[in-house]
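Below is one structure, written out as structure tokens; comments come after it.
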Amino acid sequence: MVRNIVRDVEFLKQKSEPATRADMQVARDLLDTLEANREHCVGLAANMIGERKTILVAYLSGEAVIMINPVITDHSAQSYDVSEGCLSLLGTRPAKRYKVITVEYLDRKFKKHRMILRGLEAQIIQHETDHFEGTII
């Protein structure tokens, strides 16, 4: 189900809680909502649709990937400054991003995965995991 995008900054500042198998509808709703906003969105965190769970969905290599309880376990020494927009907020904000990250996460079946991402894909995951911490980007 396509959900409305949350724009309440006070809600977005709240930390998210780990997801469980009971939260799979949130993952499906995130996927539907990302697809509905595909023209101007490359990733969504669950709090952006009103759910304080550590679930995100992002386009990686042209495919929508659901990550449940993702954790960035490593990153490159090289970083860069960028100005990012967010579907939940107006305008852009500065952010520091690492060029390469390693992320571990669970898929829809709660199978563990490990992925190394570079460039824009790494940036997307860093942005969405910032949402879990209540960081306003």
Side-chain angles (χ1 to χ4, degrees):
M1 172 174 69
V2 176
R3 305 265 296 265
N4 291 328
I5 300 299
V6 171
R7 299 183 193 288
D8 179 353
V9 174
E10 292 308 312
F11 180 83
L12 295 170
K13 285 182 179 179
Q14 296 177 41
K15 289 191 177 193
S16 297
E17 300 171 359
T20 67
R21 291 180 191 276
D23 297 310
M24 289 313 300
Q25 185 60 49
V26 175
R28 288 187 289 275
D29 290 351
L30 268 174
L31 187 59
D32 292 344
T33 305
L34 180 66
E35 290 292 331
N37 289 281
R38 187 178 191 134
E39 290 179 20
H40 47 274
C41 184
V42 293
L44 288 174
N47 69 344
M48 295 174 68
I49 62 167
E51 302 288 344
R52 289 181 32 242
K53 295 293 181 173
T54 54
I55 305 172
L56 69 80
V57 63
Y59 289 117
L60 303 176
S61 300
E63 179 182 332
V65 175
I66 293 172
M67 294 185 176
I68 299 167
N69 300 329
V71 175
I72 297 172
T73 58
D74 198 13
H75 61 75
S76 62
Q78 301 87 8
S79 64
Y80 59 97
D81 294 320
V82 67
S83 182
E84 293 179 346
C86 181
L87 198 56
S88 287
L89 305 166
L90 294 174
T92 60
R93 283 150 195 78
K96 176 184 173 182
R97 299 295 180 215
Y98 295 100
K99 291 184 177 186
V100 181
I101 64 166
T102 301
V103 62
E104 292 182 358
Y105 66 96
L106 303 173
D107 65 16
R108 291 188 212 202
K109 296 179 180 179
F110 274 67
K111 180 180 174 190
K112 191 173 185 176
H113 295 268
R114 181 175 178 269
M115 194 180 285
I116 297 172
L117 299 169
R118 293 170 172 74
L120 179 60
E121 291 182 342
Q123 183 179 334
I124 293 166
I125 300 307
Q126 290 171 83
H127 178 103
E128 302 311 334
T129 57
D130 277 353
H131 275 289
F132 300 152
E133 296 301 315
T135 301
I136 301 299
I137 300 106

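One hydrophobic cluster, built from ILVMFWY side chains closer than 4.5 Å, holds both L106 and V57. Residues I124 and M48 fall into different hydrophobic clusters, defined by Ile, Leu, Val, Met, Phe, Trp and Tyr side chains chained together at heavy-atom separations under 4.5 Å. Hydrophobic cluster membership is shared by F132 and L60, with clusters built from Ile, Leu, Val, Met, Phe, Trp and Tyr side chains linked at under 4.5 angstrom. Residues L30 and Y59 fall within the same hydrophobic cluster, defined by Ile, Leu, Val, Met, Phe, Trp and Tyr side chains chained together at heavy-atom separations under 4.5 Å. Note: the hydrophobic cluster containing V82 does not contain V100 (ILVMFWY, side chain heavy atoms under 4.5 Å, direct or indirect links).
Looking at T92, its side chain never comes within 3.5 Å of a backbone N or O of S83 through a donor-acceptor pair. For the pair N69 (side chain) and A19 (backbone), a donor-acceptor distance under 3.5 Å is present.
Contact check for L89 versus L12: side-chain heavy atoms found under the 4.5 Å cut-off. Contact check for K96 versus Y98: side-chain heavy atoms found under the 4.5 Å cut-off. Taking 4.5 Å as the limit, every side-chain heavy atom of T54 sits out of range of all side-chain heavy atoms of V71. Taking the side chain as every heavy atom from C-beta outward, P70 and T129 approach each other to under 4.5 Å. Contact of the V6 side chain with the N47 side chain is not registered, since no non-hydrogen atoms from C-beta on lie closer than 4.5 Å.
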*Can R97 and D130 be said to form a side-chain contact (heavy atoms from CB on, under 4.5 Å), step by step?*
CA-CA 11 Å; R97 299 295 180 215; D130 277 353; 2.9 Å; yes
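We find the OG-CD distance between S16 and Q14 to be 9.0 Å, quoted to the nearest 0.5 Å. Going from atom CD1 of I125 over to atom CD of Q123 covers 11.0 Å, rounded to the nearest 0.5 Å. The distance from the CD1 atom of I101 to the CD atom of Q126 is 5.0 Å, given to the nearest 0.5 Å. E84 CD to I137 CD1: the interatomic distance, rounded to the nearest 0.5 Å, is 6.5 Å. Taking CG from L31 and CG from L56, the interatomic distance works out to 11.5 Å, rounded to the nearest 0.5 Å. Expressed to the nearest 0.5 Å, how far CD1 of I49 lies from CG of L44 amounts to 7.5 Å.
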Donor-acceptor contacts, no H, no angles, side chain residues 113-120, under 3.5 Å, sequence neighbours left out:
unit_1	atom_1	unit_2	atom_2	d
H113	NE2	D107	OD2	2.8

Distance-only check: which donor-acceptor pairs under 3.5 Å involve side-chain atoms of residues 61-68, not counting sequence neighbours?
none

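Taking every heavy atom of both residues into account, H127 and C86 meet most closely at NE2-SG, 3.8 Å. Closest non-hydrogen pair, R52 versus F11, comes out as CG-CZ, 3.5 Å. Residues V26 and A46 come closest through the heavy atom pair CG1-CB, 3.9 Å.
Enclosure of atom CZ in R28 by more than 12 non-hydrogen atoms of other residues, nucleotides or ligands within 6.0 angstrom is indicated.
Looking at D29 and Q25, their side chains do bring a donor and an acceptor atom within 3.5 Å of each other.
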